[in-house]
Protein chains: 2
Amino acid sequence: MNIEWIGKLQDLIGEERVNTSEGDLFRHSRDESFHEPVQPDTVVFPESTQMVRDIVEFAGENKLPITAYGAGSGLDGAAIPVSKGISMNFEWMKDVISFNPDDLSITVQPGITRLELNHEINRQGLYFPIDPGADASIGGMTATNASGTTAVRYGSMRDQILNLEVVLADGRVINTGSSAKKSSSGYHLNGLFTGSEGTLGIITQITLKLHGIPEHAVAARCTFDTPKHCAAAAQAVLASGIPVLRMELVDAPSIRQVNAYGDYRFPEEHSLFFEFAGTQTSTEEEAVFVEELMQDMGCRNWERASGSKERAEIWKARHELSYAFRHIKGTEVMGSDVCVPLSKLAGMVDFARSEIEACGLLGSVFGHVGDGNFHTIIVYDPAIPEEKAAAEKINEQLILKAIEAGGTCTGEHGVGLGKMKYQRMEHGEAVDVMRSFKQLLDPEGLLNPGKIFD
Amino acid sequence: MNIEWIGKLQDLIGEERVNTSEGDLFRHSRDESFHEPVQPDTVVFPESTQMVRDIVEFAGENKLPITAYGAGSGLDGAAIPVSKGISMNFEWMKDVISFNPDDLSITVQPGITRLELNHEINRQGLYFPIDPGADASIGGMTATNASGTTAVRYGSMRDQILNLEVVLADGRVINTGSSAKKSSSGYHLNGLFTGSEGTLGIITQITLKLHGIPEHAVAARCTFDTPKHCAAAAQAVLASGIPVLRMELVDAPSIRQVNAYGDYRFPEEHSLFFEFAGTQTSTEEEAVFVEELMQDMGCRNWERASGSKERAEIWKARHELSYAFRHIKGTEVMGSDVCVPLSKLAGMVDFARSEIEACGLLGSVFGHVGDGNFHTIIVYDPAIPEEKAAAEKINEQLILKAIEAGGTCTGEHGVGLGKMKYQRMEHGEAVDVMRSFKQLLDPEGLLNPGKIFD
Ligand SMILES: Cc1cc2nc3c(=O)[nH]c(=O)nc-3n(C[C@H](O)[C@H](O)[C@H](O)COP(=O)(O)OP(=O)(O)OC[C@H]3O[C@@H](n4cnc5c(N)ncnc54)[C@H](O)[C@@H]3O)c2cc1C
Ligand SMILES: Cc1cc2nc3c(=O)[nH]c(=O)nc-3n(C[C@H](O)[C@H](O)[C@H](O)COP(=O)(O)OP(=O)(O)OC[C@H]3O[C@@H](n4cnc5c(N)ncnc54)[C@H](O)[C@@H]3O)c2cc1C
């Protein structure tokens, strides 16, 4: 393909930064979701805010869509350039702009991944705890308001953002916050741009809160008869006020799959995984308290891991869960990501588990139950349309039930392509307000078109 | 005064809910700031969302300004109806709509105050910890993104909001969030409406996160040679990762004033006040750890208070601080509310203290140093213009320095009237984006006109 504007774009920012190789077009056509890939016309690799701005202005003049691309680990197609045009990759924008340990903050470019970021800061005794399973980019995590296993203590990405530098569709560059820990000045733009999935502006710098690495940590796990029991137990822990660092539900089929995939030997029952962290005394006290509480609630197989190797094994297994299902030959997977008020969680996971059983497909129920957020992964054979339809039906039912319960269709993955059709049901007339903000900031609809709104 | 529309408004919502008594007009002409009072034409007391909507639509048709009024405890004039029109008071909207202890959440109408709210929930072992000194309304606290002494652990109001019901200028009623603890669905409107000071919509319901009352608490205080030492010590506590519940700087002149006002006997030196809370073991451990750290840094007069009466005394004194200065006959006070990155705090409080000394006026430096947020109160004689000018000059210098340091002109009080002129300096072109949101949602400029933007 040789589109005239690609040559002009190469003249503007340099040939080496505008790529149309088959490999790059393919890589940027998809993310980790099951959505249909669409190739962009070209992939650009900007190196600075100014260059992002030049590209955005060029795209504005030529009416070209721009879809930002982080690490492509998204689970709902948000990074797929459904209207083609430009895919903007941030691999060449990974700089640490300023690291301020005394302020417990850091300013980075969006391309840096969470592991790379931690590598820069861990030796100062600090860490950035938000961990979606994948090694996502900080830009992508900001744009989806990602969270993961530690949100039960630290909140989600939005809670970590002090400031964003954003290039708007008309080329203006704004800062949405400041370096102060809190502020009541002006409207809160940080929160609005976080989670906007590249539809309101391109994020070119992110100032994050950092946290001290806890002095001591203990992991533990136990099992219950049903996923419902696990969820009820998780709720009891929250109600006790113990500030767990992590608390994850992993159902029996998931444990079986992980054991087989990674050669682990976890008891193949519905499980809760915990991590406690803080000072030595408080951590040990919390672990003992929660153990007693779990025993009272009828848990089995309580086992704790204090050594860093054993702890790492537990969380490695937890993070491999999704891959354990994704790597079954000849199959595809479909996931869900609902989040409900805590009191509704047990009923929801119960419903999810029984529907999966009833449809006969292999499937998993697991998640960040301390936030009321859980996932399903349903494995289907793409050659058998009924299987895909059955998986879709379960996920849809979960979403409808979650919204009815006052919850949300997506706790952490974002709207992307799959959750667009539930926006009106979840947000009602607020969708019109959201859409009017989009219209205001991007009247030509060039920033990640075809996302969030139908 | 007898304006024709007032009669119509009385017909619409009932005579008893539309008040033009001298007393009510006076009360709604001012808040706790030094700004010039302005009386509204009338004060309305709606009893339901529908009634708020009726009033808003009536105001729209008749082009009448509406300024929401909570408890009138604001410190920057945000509730003053500078363009007259309607002042909307929420004293008749104090209902608990639904209390969900299992979800750690509650939905309330905006008129309920924080003490009334805690009264409803404390017996369930839960509390709502955000505490601006005053017994402010939850609606006003949401509208200003208030915080106070516990923000160092729990964050500010914005961090507590799950959902808001908002009546927009055109009468639409939207929900800005859901009851889920976290969400990546749609744009984050919760954050945008929180802190918008009644300029984007009228908040008619608020769904808040609640927290378990800690099992054990210990208060403590100590003194240092200078406010700068206090700030540096506070920073060391934060860096240690100890999750203090409260950590407040109170400088020597403030202690003197409080001692005299409330008949206390605190050592009249620059002080840090602490509160630790959690399980018995962890709290005691934290208190001991911080005591050692403070001793290492050269503190004097370390004293701890575990009894609930002694603890209450410390915080009562802290909360009376502001009144101790406000109640000096024949004087007025002017305050500031800057918030800076933690590493800049010691230099800032030092600067504030020396400028106050230099100008010769009575004045106080104190604040929520765990957030980098502190206040000044400068006492002046309104009959002597030079004194007011000197106070204004110091506050202005503080704001300029704070913004230069990457901080904000207001950490928790809001923009109101006094911080409007610093919006462009702090937010740059982002102000235009904010203003365009205002223009979009309130094209006639009827919601709290004359605020936030010049
Ligand atoms: C195995 C596995 C487990 C996962 N577990 C979790 C989990 O526990 N919690 C969780 O939250 N997520 C999880 N995810 C999903 C995924 O990791 C997150 O959604 C992540 O935030 C995506 O980041 P990314 O860099 O890969 O972004 P991408 O997928 O590349 O893009 C995501 C969105 O961000 C936008 N974007 C990227 N960069 C920018 C920028 N600079 N400016 C503006 N917009 C931008 C894109 O346009 C797109 O809309 C998981 C994924 C996998 C594969
Ligand atoms: C002694 C003292 C100490 C204080 N200490 C602190 C402190 O530590 N931290 C802190 O943050 N603040 C503090 N404050 C300031 C004040 O208490 C807060 O700003 C508080 O949030 C104001 O709430 P209010 O109900 O009094 O609101 P008001 O002053 O009545 O109004 C404030 C703003 O909120 C808007 N508003 C009110 N209700 C609604 C509604 N339903 N919908 C939309 N807009 C609405 C008003 O229009 C106005 O713009 C202190 C005040 C005093 C007097």
Side-chain angles (χ1 to χ4, degrees), chain A residues 100 102-104 144-145 147 151 156 158 172 174-176 178-189 191-192 194-196 212 235 241 279 281-282 285 339-343 371-373 406-415 419 423 426-431 433-434 436-437 440 452, chain B residues 100 102-104 144-145 147 151 156 158-159 172 174-176 178-189 191-192 194-196 212 241 279 281-282 285 339-343 371-373 406-415 419 423 426-431 433-434 436-437 440 452:
Chain A
N100 305 298
D102 290 344
D103 296 334
L104 299 173
T144 58
N145 188 33
S147 45
S156 56
R158 192 174 279 124
R172 277 181 297 172
I174 62 166
N175 281 283
T176 60
S178 74
S179 298
K181 260 177 84 180
K182 65 180 197 190
S183 174
S184 288
S185 182
Y187 300 150
H188 190 58
L189 300 182
L192 191 74
T194 305
S196 65
Q235 204 190 339
T279 65
T281 323
S282 66
E285 187 190 31
C339 186
V340 293
L342 296 172
S343 63
D371 301 315
N373 179 211
T408 174
C409 63
T410 171
E412 55 178 22
H413 295 163
V415 177
K419 307 298 166 359
Q423 292 301 292
E426 179 170 335
H427 300 293
E429 285 203 85
V431 171
V433 174
M434 296 176 192
S436 67
F437 289 166
L440 181 72
I452 300 191
Chain B
N100 306 298
D102 289 345
D103 296 335
L104 299 173
T144 57
N145 187 32
S147 46
S156 56
R158 192 173 279 127
D159 302 303
R172 277 180 297 172
I174 61 166
N175 281 283
T176 60
S178 74
S179 298
K181 259 178 83 179
K182 64 179 197 187
S183 174
S184 288
S185 183
Y187 300 150
H188 190 59
L189 300 182
L192 191 74
T194 306
S196 64
T279 65
T281 323
S282 66
E285 187 190 32
C339 185
V340 293
L342 297 171
S343 62
D371 301 315
N373 179 211
T408 174
C409 63
T410 172
E412 55 179 21
H413 295 163
V415 177
K419 307 296 165 2
Q423 293 299 293
E426 181 172 334
H427 300 293
E429 285 201 83
V431 171
V433 174
M434 297 175 190
S436 67
F437 290 166
L440 181 72
I452 301 192

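Each chain gets a letter, A, B and so on, in the order the sequences are listed, and its residues count up from 1.
Among B/V415, B/L342, B/L104, B/N100, the residue making the largest number of heavy-atom pairs under 4.5 Å with chain A is B/L342. Chosen from B/G414, B/P341, B/S436, B/G372, the residue pairing most often with chain A at heavy-atom distances under 4.5 Å is B/P341. No other option in A/S156, A/C339, A/G428, A/C409 has as many heavy-atom pairs under 4.5 Å with chain B as A/C339. Contact count against chain B (heavy-atom pairs under 4.5 Å) is highest for A/L440 among A/I452, A/L440, A/T194. Looking only at heavy-atom pairs under 4.5 Å with chain B, the residue among A/G186, A/S147, A/A151 that has the most is A/G186. In terms of heavy-atom pairs under 4.5 angstrom with chain B, the leader among A/G195, A/G241, A/S178 is A/S178. Ranked by heavy-atom pairs under 4.5 Å with chain B, the list A/A430, A/G411, A/S196, A/S282 is led by A/G411. When the candidates B/H413, B/Q423, B/M434, B/R172 are compared by the number of heavy-atom contacts under 4.5 Å with chain A, B/M434 comes out ahead.
Side-chain contact annotation: B/T279 with A/E285, donor-acceptor N/O pair under 3.5 Å present. A donor atom on one side chain and an acceptor atom on the other are not found under 3.5 Å apart for B/S185 and A/K419.
Contact annotation: the side chain of B/K182 never approaches that of A/T408 to less than 4.5 Å [non-hydrogen atoms, C-beta and beyond].
We find the NE2-OH distance between B/H427 and A/Y187 to be 11.0 Å, quoted to the nearest 0.5 Å. Considering CD of B/E429 and CG of A/N175, their distance stands at 10.5 Å, rounded to 0.5 Å. Here the OG atom belonging to B/S184 is positioned 6.5 Å from the CZ atom belonging to A/R158, to the nearest 0.5 angstrom. Here B/E412 contributes atom CD and A/S183 contributes atom OG; the two are 11.0 Å apart, rounded to the nearest 0.5 Å. Separating the CZ atom in B/F437 from the CG atom in A/L192 is a distance of 5.0 Å, to the nearest 0.5 Å.
Contact annotation for B/E426: only side-chain heavy atoms (C-beta onward) come within less than 4.5 Å of a heavy atom of chain A. Looking at A/N373, the atoms closer than 4.5 Å to chain B (heavy atoms on both sides) all sit in the side chain, from C-beta outward. Only the backbone of A/T144 comes within contact range of chain B, with heavy atoms under 4.5 Å apart.
Among residues two or more places apart in sequence or in another chain, the side chain to side chain contact (heavy atoms under 4.5 Å, CB included) test is passed with B/T176 by B/N163, B/L164, B/V166, B/I174, B/L189, B/N190, B/F193.
Remark: the backbone N or O of A/S343 is not paired with any side-chain donor or acceptor of B/D102 at under 3.5 angstrom.
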